[in-house]
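Step one of this worksheet: look at the structure below.
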Amino acid sequence: MNLFGTIRAPRELIFGSGQRHALARIASKLGSRALVVTDARLAADPDFLAIVGQLEEAGLNVRVDDSTMADVPVDSAIASAAAARDFAPDLVVGIGGGSCLDMAKCVAVLLTHGGRPQDYYGENNIPGPVMPLIALPTTAGTGSEVTPVAVLSDKERSLKVGISSPFIIPTASICDPDLTISCPRALTAIAGADALTHAIEAFTAIRRQAVPGLAQERVFVGKNELSDHFALRAISLLWQGLEAACDDGADHLARERVMMGATLAGLAFGVAGTAAAHAIQYPVGALTHTAHGLGVACLMPYVMAWNAPAIRDELEQIAMATGLAGPDAVIPALSALFDRIGIPATLRDLGLAEDRIDWVSEQSCGITRLIQNNPRPLALPDMRNLVAAAYAGDLARLN
Ligand SMILES: NC(=O)c1ccc[n+]([C@@H]2O[C@H](COP(=O)([O-])OP(=O)(O)OC[C@H]3O[C@@H](n4cnc5c(N)ncnc54)[C@H](O)[C@@H]3O)[C@@H](O)[C@H]2O)c1
Ligand SMILES: [Fe+2]
């Protein structure tokens, strides 16, 4: 086998307890007028105000936009970019959960290239580099601090929409696990389960023929030697830390492991892509109004059971990385871990109505970017079977 690999990452990525206080030094090298994009919760936080104060002490002009809403409605990003124009920022800093980071990415795109977010939906539709962008995540989950993705909600569309382009990978990212200590148990579980799902989907994604141009034509190229490195390490770290971080939010070692795991998972899926669990979550999330992380994690064991014949080697490696007895132990152990941290075991428990199984199946198959990244093909009848199994909690049906 020829080795093929690619990784895309921020120019500078810093991880560690207390590293948030390096922001001013990093920012002052990238710009002088910083638009800080966050939400109302964080804008009132004394630690956040201290960080903003450090930016000002370093000589930057700072404006705080605390209007981020969960799941980033498109209109809110348009309004933020419009409101920022008179300030003329030359640097955007996103501080918060995935929603704040995605909002910051979107605002940076609009301030640089004009237009509306709708102009950039899909893959590789941003015409060139965007202004410098710094990301400081306060959840450990989405990996947005390192990914080429911004996820938005658009009331004109039934499903959430994505902008994917290497141009929106933040210029610099600071991952300080101390910022996640305040996450309540449910948020820790949902965000961390999303991260574990990113790592597993990246590690088990399809392996494409490595023709020249693959990584230029596609944002998501499938499983490869470099993304695997990050994905497997992410699985191991999240497996060690996620339950402990849920059980005791002040467990610093667990918080570090989960945040490192989430960031490495972002590096992995930012090039490899995700697959069927993410595709099916889109319509499920639209119908049930449940958090992204709950849906993808609920679906992951069923998707792995369907994929099992195509991912035997990967299951073996996951078993080794997590200390499980062998490949057959992985899916039951993952279901048990998710159960212990409060992830619903079935789509029925998630609130899906049984008569929407067909609609969910059709919509999921329509998300070809993700379905084509799945290691085992999923034609519509197979998808119906998979969604029905996930609804009923019937893993055996997929064997
Ligand atoms: N860009 C990507 O690569 C990518 C990947 C996966 C998901 N997403 C998107 O990210 C969003 C979800 O992000 P998320 O899971 O980080 O949640 P979030 O950003 O939507 O935040 C959820 C809630 O948690 C609060 N919160 C954030 N940090 C906190 C902290 N430290 N302590 C207490 N409360 C805190 C927020 O104020 C908010 O009320 C979704 O829109 C999802 O589609 C993006
Ligand atoms: Fe996700």
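We count ligands from 1, going down the list as the structure has it; atoms in each ligand are counted the same way. For the numbers below, each heavy atom of this structure counts, side chains included, while hydrogens, waters and symmetry mates do not. For the single chain, residues carry numbers from 1 onward in sequence order.
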Numbering as shown, the atoms of ligand 1 that approach Phe269 to under 4.0 Å (heavy-atom distance): 3 (O), 5 (C)
NE2 (His198) - the Fe ion (ligand 2) - OD1 (Asp194) angle, nearest 10°: 90°
Atom indices of ligand 1 within 4.0 angstrom of Gly98 heavy atoms, with elements: 10 (O), 13 (O), 14 (P), 16 (O), 19 (O)
Donor-acceptor contact present, side-chain Thr112 to main-chain Met131, <3.5 Å: yes
Ligand 1 atoms in contact with Ser182 (distance to a heavy atom under 4.0 Å): 30 (C), 31 (N), 32 (N), 33 (C)
Val221 to Phe4 - nearest heavy-atom pair and separation: CG2-CE2, 4.4 Å
Any N/O pair His198/ligand 1 closer than 3.5 Å: no
Residues Asp65 and Ser80: side-chain donor-acceptor under 3.5 angstrom: yes
Val149 N/O to ligand 1 N/O under 3.5 Å: yes
Winner among Leu42, Thr68, Thr138 once heavy atoms are compared against atom 27 (C) of ligand 1: Thr138
Heavy atom of Val72, distance to ligand 1 below 4.0 Å: no
Any protein heavy atom nearer than 4.0 Å to atom 7 (C) of ligand 1: yes
Stepwise salt bridge (charged side-chain N to carboxylate O under 4.0 Å, His left out) check, Lys155 with Asp75: CA-CA 9 Å; Lys155 56 183 184 323; Asp75 294 345; 2.8 Å; yes
Nitrogen or oxygen of Thr147 less than 3.5 angstrom from that of ligand 1: yes
Gap between atom CE of Met259 and atom CD of Glu145 - 0.5 Å precision: 6.0 Å
Proximity to ligand 1 by part of Leu101, non-hydrogen separation under 4.0 Å: neither
Parallel, tilted or perpendicular: rings of His278 and Phe269 (30°, 60°): parallel
The one among Lys160, His278, Gln281 that brings a heavy atom closest to atom 42 (C) of ligand 1: Lys160
Asn224 and Ser227: side chain donor to acceptor below 3.5 Å: yes
Salt bridge flag under 4.0 Å for residues Arg255 and Asp178: no
Residue pair Val271, Leu226: steps toward the side-chain contact (heavy atoms from CB on, under 4.5 Å) verdict: CA-CA 9 Å; Val271 285; Leu226 291 172; over 6 Å; no
Numbered atoms and elements of ligand 1 in range of Asp194, under 4.0 angstrom, heavy atoms: 6 (C), 7 (C)
Test of proximity, Ser99 against ligand 1: N or O pairs below 3.5 Å: yes
Nearest-neighbour protein heavy atom for atom 9 (C) of ligand 1, which is reported as residue plus atom name and distance: Asp102 OD2, 3.7 Å
For atom 34 (N) of ligand 1, the option (of Glu145, Arg41, Lys105) bearing the nearest heavy atom: Arg41
Protein heavy-atom partner closest to atom 39 (O) of ligand 1 - residue, atom, separation in Å: Asp39 OD2, 4.6 Å
Pairwise distance CG(Leu370) to OG(Ser364) - rounded to 0.5 angstrom: 9.5 Å
Minimum-distance atom from the Fe ion (ligand 2) among N, O or S atoms of His278: NE2
contact_flag Cys183 ligand 1 heavy-atom lt 4.0 Å: yes
Asp382/Arg376 ion pair, N-O < 4.0 Å: no
Atom 22 (C) of ligand 1 - nearest protein heavy atom and its distance: Leu187 CD1, 4.2 Å
Donor-acceptor side-chain pairing of Asp154 and Tyr121 below 3.5 angstrom: yes
Minimum side-chain heavy-atom gap Leu350-Val284 below 4.5 Å: yes
Per-residue contact class, Thr142 against ligand 1 - non-hydrogen pairs under 4.0 Å: both
Under-4.0 Å heavy-atom contact with ligand 1, by part of Leu179 that carries it: backbone
